[in-house]
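Working notes, beginning with the structure itself.
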Amino acid sequence: MLVSPALPLAIPAPGTVVDAIRIVRVDLFVVRLPLLRPFTTSSHRKDHLDHILARVTDQDGATGWGECASPTDPFYGPENLRSCWNALTDYFAPALLGVAWQHPTDLPTAWGHIQGNRFARATLDIACWDLFARRQDRSLADTLGGTAAAVPVGVSLGIEPGVEELLAQVERYVAQGYRRVKLKIAPGWDTAPVAAVRERFPDTPLQVDANGAYRDHPSHHAVLRELDGLGLAMIEQPFPADDLLAHARLQRELATPVCLDESVTTVHTARTALALGAGRIVNIKVSRLGGLTEARAVHDLCEQAGVPVWCGGMHEFGIGRAANLALAALPGFTLPGDLSGSDRYFRTDVVQPPIRAQDGTVAVPTGPGLGVEIDQDALRGHLLRSTVLT
Ligand code: OSB
Ligand code: MG
């Protein structure tokens with residue numbers, strides 16, 4: 001076959017491998033960072049975070065980093081720190097090592113036989129996207145198709161001991177220029193604190209997140225209808241993740257858009273949820289969706305359906321935060337994300353340069369890959385455990 005060198009084949013001939021990448025080593029680290037302020041939701045409270053960081057190395061010595069943002073305990077979703085560690089060491093890393101791939105979108109094939117475990121999966125998905133972008137000396141945002149130089153950001157505020165403490169937190173972040181405020185709610189901590197914030201900050205875009213704490217029951221519908229009168233931008237995940245019909249029923253009752261977080265775990269559940277009218281807004285999280293490939297697919301689906309999306313967070317360290325920012329540079333991310341600067345959560349982060357918000361936006365890193373580098377001293381100083389797989 002004659003092929004002009006100026007016209008490379010778009011589809012490689014069978015048996016040929018163009019620029020194949022093989023991961024030959026996976027390093028895993030469990031890193032603990034204390035939170036500056038304890039965070040409470042309807043499901044859990046925490047004062048420090050233990051996240052798994054992963055470094056992948058290919059046959060040429062190129063590297064990429066990823067982060068597992070799973071909470072330690074299975075209270076947000078079914079995964080937890082130990083389940084993620086086991087899924088990575090026993091399944092995802094062994095299925096990746098030595099396998100030839102050309103593009104990170106090939107990797108779902110390598111992992112196609114492994115069910116669920118999406119936070120664990122996201123760890124190596126992010127690391128391979130980072131490595132791939134670095135090999136091409138391109139930013140991850142650019143590699144994904146993102147165009148925004150900076151993304152609008154908001155804050156997510158936990159349940160506080162009282163309304164005064166909450167008002168002080170809102171005050172602080174509104175003064176720092178954050179574009180909207182999200183309040184965690186739960187039965188017993190809902191209409192009163194939200195109405196108090198609404199009254200004190202009448203012009204601040206405000207939304208709430210229940211992490212599935214309400215039930216499809218008349219007394220809870222009554223509370224949610226009361227929230228409907230407070231001019232909220234959205235009500236996030238009022239009901240349990242798998243109760244799509246309850247969300248659809250509620251959305252028909254409310255003027256306020258329902259936003260889905262925990263319910264959307266794949267592009268398939270996203271499509272089902274939208275078809276049922278279970279919500280009008282989607283929170284896209286890289287970690288919950290098992291990585292950047294699936295998160296981008298949900299973005300594309302929502303963009304085609306005219307459904308606004310925003311980038312959610314899981315209190316990521318700098319690696320996961322940089323991945324979220326790269327994703328949020330895609331054009332469908334029109335609403336402010338849970339993408340505050342690292343300094344809102346941690347005294348020190350594990351990356352350089354630090355990620356900071358300014359005037360309610362965070363700049364999308366422009367350097368190769370994630371555009372941040374691991375701070376080796378910070379990594380060593382906060383390390384709990386590590387292993388190497390080859
Ligand atoms: O539901 O969005 C959520 C944090 C941990 C677990 C779940 C959630 C959150 C947040 C914080 O809301 C988002 C962030 O600031 O990273
Ligand atoms: Mg949420």
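For ligands, and for the atoms within them, numbers begin at 1 and follow the listed sequence. Index from 1, following the sequence. These numbers come from the heavy atoms of this one structure, side chains and all, not from hydrogens, waters or symmetry mates.
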| field | NZ/NE/NH1/NH2 to OD/OE distance under 4.0 Å, E236 and K285 | value | no
| W65 ring center near F29 ring center (under 6.0 Å) | yes
| Applying a 4.0 Å heavy-atom criterion (strictly less than), which segment of D209 is in contact with ligand 1: side chain, backbone, both, or neither? | side chain
| Which one holds for R288 and ligand 1: side chain close, backbone close, both close, or neither close, with close meaning a heavy atom under 4.0 Å? | neither
| request: Determine, using ring centers only, whether H382 and F317 are less than 6.0 Å apart. | output: no
| query | Are any of the side-chain nitrogens in D338 or R180 under 4.0 Å away from the carboxylate oxygens of its partner? | reply | yes
| task | Looking only at protein heavy atoms, identify the closest one to atom 13 (C) of ligand 1 and say how far it is in Å. | result | G313 O, 3.4 Å
| task | Taking only Lys NZ, Arg NE, NH1 and NH2, and the carboxylate oxygens of Asp or Glu, determine whether R380 and D377 approach each other closer than 4.0 Å. | result | yes
| task | Provide the number and element of each atom of ligand 1 under 4.0 Å from a heavy atom of K182. | result | 2 (O), 3 (C), 12 (O)
| query | Could D349 and R321 be called an ion pair, given the rule that one side-chain N must be under 4.0 Å from one carboxylate O? | reply | no
| request: Could you see which bit of D261 sits under 4.0 Å from ligand 1, with heavy atoms only: side chain, backbone, both or neither? | output: side chain
| Near-ring test W310/H299, centroid separation under 6.0 angstrom | no
| Under 6.0 Å between ring centres, would you say that holds for F92 and W111? | yes
| note | Closest to atom 2 (O) of ligand 1 (heavy atoms only, candidates M314, H44, K285) is K285
| field | R138/D142 ion pair, N-O < 4.0 Å | value | yes
| query | Charged N to carboxylate O under 4.0 angstrom, R37 versus E160? | reply | yes
| said: Show me which atoms of ligand 1 lie under 4.0 Å from any heavy atom of E236. | reply: 2 (O)
| field | R215/D243 salt bridge by N-O under 4.0 Å criterion | value | no
| note | For K46, the ligand 1 atoms with a heavy-atom partner under 4.0 Å come out as 5 (C)
| Under 3.5 Å, N or O to N or O, is H315 touching ligand 1 that way? | yes
| So W101 and F132, would you call those rings parallel, tilted or perpendicular, with 30° and 60° as cut-offs? | tilted
| message | Looking only at protein heavy atoms, which one is nearest to atom 12 (O) of ligand 1, and what is the separation? | response | S156 OG, 2.9 Å
| task | Measure N211 to ligand 1 on non-hydrogen atoms and call it side chain, backbone, both or neither using the 4.0 Å cut-off. | result | side chain
| query | How far is atom 8 (C) of ligand 1 from its nearest protein heavy atom, and which residue and atom is that? | reply | K184 NZ, 3.4 Å
| Under 2.8 Å from the Mg ion (ligand 2) - protein N/O/S, by chain and number | D209 OD2, E236 OE2, D261 OD2
| task | Report the nearest protein non-hydrogen atom to atom 15 (O) of ligand 1: residue, atom name, distance rounded to 0.1 Å. | result | Y345 OH, 2.7 Å
